[in-house]
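Heads up: the structure comes next, in structure tokens.
Per chain, numbering begins at 1; letters A, B, ... match sequence-line order.
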There are 2 protein chains.
Amino acid sequence: MTTKRARAKRATVHDVALEAGVSRGTVSRYVNGERYVSAAAREAIEAAIAKVGYVPNTAARNLVMQRTQAVGFIVHEPHSLFVEDPNIGEILLGANARLSEADHQMAVLIVDTERDTERVARYLSGGLVDGVVIVSARADDPITRVVERLQLPAAYVGHPPGAASTASFVVIDNRGAASAITERLAATGRSRIGMIAAALDRDSGADRLSGFRAALGDRFDDTLVEPVPLYSYSAGRDGMRRLLERAPDLDGVFAASDAVAAGAIEALKEAGRRVPEDVGVVGFDDSAWARRTTPPLSTVRQPAAGLGAGAAELVLDRLRGEDTPTERRLDCEIVWRDSA
Amino acid sequence: MTTKRARAKRATVHDVALEAGVSRGTVSRYVNGERYVSAAAREAIEAAIAKVGYVPNTAARNLVMQRTQAVGFIVHEPHSLFVEDPNIGEILLGANARLSEADHQMAVLIVDTERDTERVARYLSGGLVDGVVIVSARADDPITRVVERLQLPAAYVGHPPGAASTASFVVIDNRGAASAITERLAATGRSRIGMIAAALDRDSGADRLSGFRAALGDRFDDTLVEPVPLYSYSAGRDGMRRLLERAPDLDGVFAASDAVAAGAIEALKEAGRRVPEDVGVVGFDDSAWARRTTPPLSTVRQPAAGLGAGAAELVLDRLRGEDTPTERRLDCEIVWRDSA
DNA sequence: TTGTAGGCGTTATCAA
DNA sequence: TTGATAACGCCTACAA
């Protein structure tokens, strides 16, 4: 009688069956709401359950059923996502809502450190979830490999390079949105519009440039595009400096992200330009940056809840036997503030 | 051969044993890193595992071991938390970090709708987690009842009314923080300092008032305390109006939360008072409100990561056999901006 | 050092 | 409509 492992031993189907004077099979059928349970048996079982305090053990059920009705939701780079990105919460809620409707439990798994990576990979391998939604995966991630090896039904929010080839994707229409906000900028009467194009080696970066180009049509000018490596503040500032040197008469800028736009605004002010009077600036993402700049940014807002819901739905589709991985593209919304 | 249920059948210990020409027991011992596995056996098993692609089934292991090395993290009212409260992300990360060190997996469970409540309660009942951290529980919540009934080791962030009596708590030192920020406000030379005291029926509300009173000592004036029911913007605005009517010569205000403070500032401006020139205002929480007001609020910041880590630690303690529920109180930090 | 066999708590099959 | 009984995949005495 150690006091240490005193965790009350929980009642099982067996106990209920004994108490009710029926077989375990009958108890199981009752618990799962099947027919073929006589009124007498039902009553006896109900009383027995109440008496012994029976609670079904999901783990055991999962083992024999070979499915868990649970879906993992993996969050990488949690710091930048949770602290800086206002979207993650909505993505989470969107996914949960959709899974909940389908009576699936969502379990959010956070990958912060190296240790986390391994532990989460084990968790996924262990048969504790039927599928998984992945946000912000890194290229060539161990988790991606596990997902692929296990052929675990998966859907990514975004389309990271090196994502499991067996997975589905929900992405935003970067090209369309870039095009739309560029047109809106042009409509404010700007005639010399440039772009600070970031991360051209990624789908998102390339697509935003492509949308920019499409919106401008004939008026597109190669020399007004300044490529920078990252979606960062400093890249935006440096890029803007170079662009301004090359094209001092510029009166509009599409920055490939809000962080880039914030850097660009800094560089513009430093060069004595007023925003939006002299130069109109628009960004992308509607991240925290967008409200921190002065003036606040006109930018593109992602349909965050829709991304989560969409990813959840794609996983559920796979769970239902849909065998073909899909890519779904969602439209964005433009939020117009004061920077253009 | 239905193509529908084509989920590749995964290799088991049994398969590995067969392939390696040893018994299941030996394979199991190898997998769990026990001694008493000969070099020959080890090699054969390693080869076999690689060949058949064996991955241990955690669910089965959990069943027989009667523990999961997993802890649930339950978040209620996810909308207000994820979208408005900047703290939740840090709480999550703090908890995850601590659990990760202890080699436990954290699974975040979101309770949004009625359905979620039941499903999460089932999840907890089902033996899928060894313990649970709970954020922002509601009074008399089904989840709380489940936790209590199962005697599931639990720790709350905050101390909601009706929390399971068997649980531990991590709270912030509301009284001390209120006292500290009031003193700081007084130190700016304010002599007629009032308080808009919200939610006096809750621990947090009562403690903040108590701290305010303590800081003022002899100078405390009953008539300068205006009680309001909720931590809300409108409550703050209305309360400030009433307070101002009663004490037009007031030159400092401690609002029980940032939202309340924002409302108070609104009312002050409406009455022609300048902040901070005529009246200094301080809030509590360092929520999104604090940066949205003009001027930005001087306020109290919660040690969010510490709250998460603390709660995780208390759960781990219980898991190790610590049988007494504890309450841990954490200090806050004052962030001084421009509103006072 | 290894193999055998029983059990963790369910569900599922098949007679009865 | 019910009751045995065999899985599910794993761990763990105990015996060898």
Donor-acceptor pair, [X] side chain versus [Y] backbone, under 3.5 Å?
X        : Y        : value
B:Arg10  : A:Ser125 : yes
B:Arg42  : B:Tyr30  : no
B:Asp116 : B:Thr113 : yes

Spatial distance of atom [atom1] ([X]) from atom [atom2] ([Y]) [nearest 0.5 Å]:
X        : Y        : atom1 : atom2 : answer
B:Gln69  : B:Leu99  : CD    : CG    : 10.5 Å
A:Asp323 : A:Arg318 : CG    : CZ    : 7.0 Å
B:Leu319 : B:Glu322 : CG    : CD    : 11.0 Å

Pairs under 3.5 Å (N/O, protein and nucleotides 8-11 of chain D):
unit_1 : atom_1 : unit_2  : atom_2 : d
D:dG9  : OP1    : A:Gln66 : NE2    : 3.1
D:dC10 : OP1    : B:Tyr54 : OH     : 2.8
D:dC10 : OP1    : B:Asn57 : N      : 3.0
D:dC10 : OP2    : B:Val13 : N      : 2.7
D:dC11 : OP1    : B:Asn32 : OD1    : 3.3
D:dC11 : OP1    : B:Asn32 : ND2    : 3.3
D:dC11 : OP1    : B:Arg61 : NE     : 3.1
D:dC11 : OP1    : B:Arg61 : NH2    : 3.4
D:dC11 : OP2    : B:Ser28 : OG     : 3.0

Q: Taking only heavy atoms on the protein side, list every residue of residues 33-42 of chain B lying under 4.0 Å from any atom of DNA chain C, sorted numerically.
A: B:Tyr36, B:Val37, B:Ser38, B:Ala41

Q. In a check of side chain to side chain contact (heavy atoms under 4.5 Å, CB included) between B:Asp141 and each of B:Val111, B:Thr117, B:Ile74, which one passes?
A. B:Thr117

Q.
Does a side-chain N or O of A:Ser23 approach OP1 or OP2 of D:dT2 to a distance below 4.0 Å, or not?
A. no

Q. What is the distance, rounded to the nearest whole Å, between atom CZ of A:Arg67 and atom C1' of C:dA12?
A. 13 Å

Q: May I have the distance from B:Glu43 (atom CD) to C:dT1 (atom P), rounded to whole angstrom?
A: 15 Å

Q. Taking only residues two or more places apart in sequence or in another chain, which ones pass side-chain hydrogen bond (donor to acceptor under 3.5 Å, both in side chains) with A:Glu118?
A. none

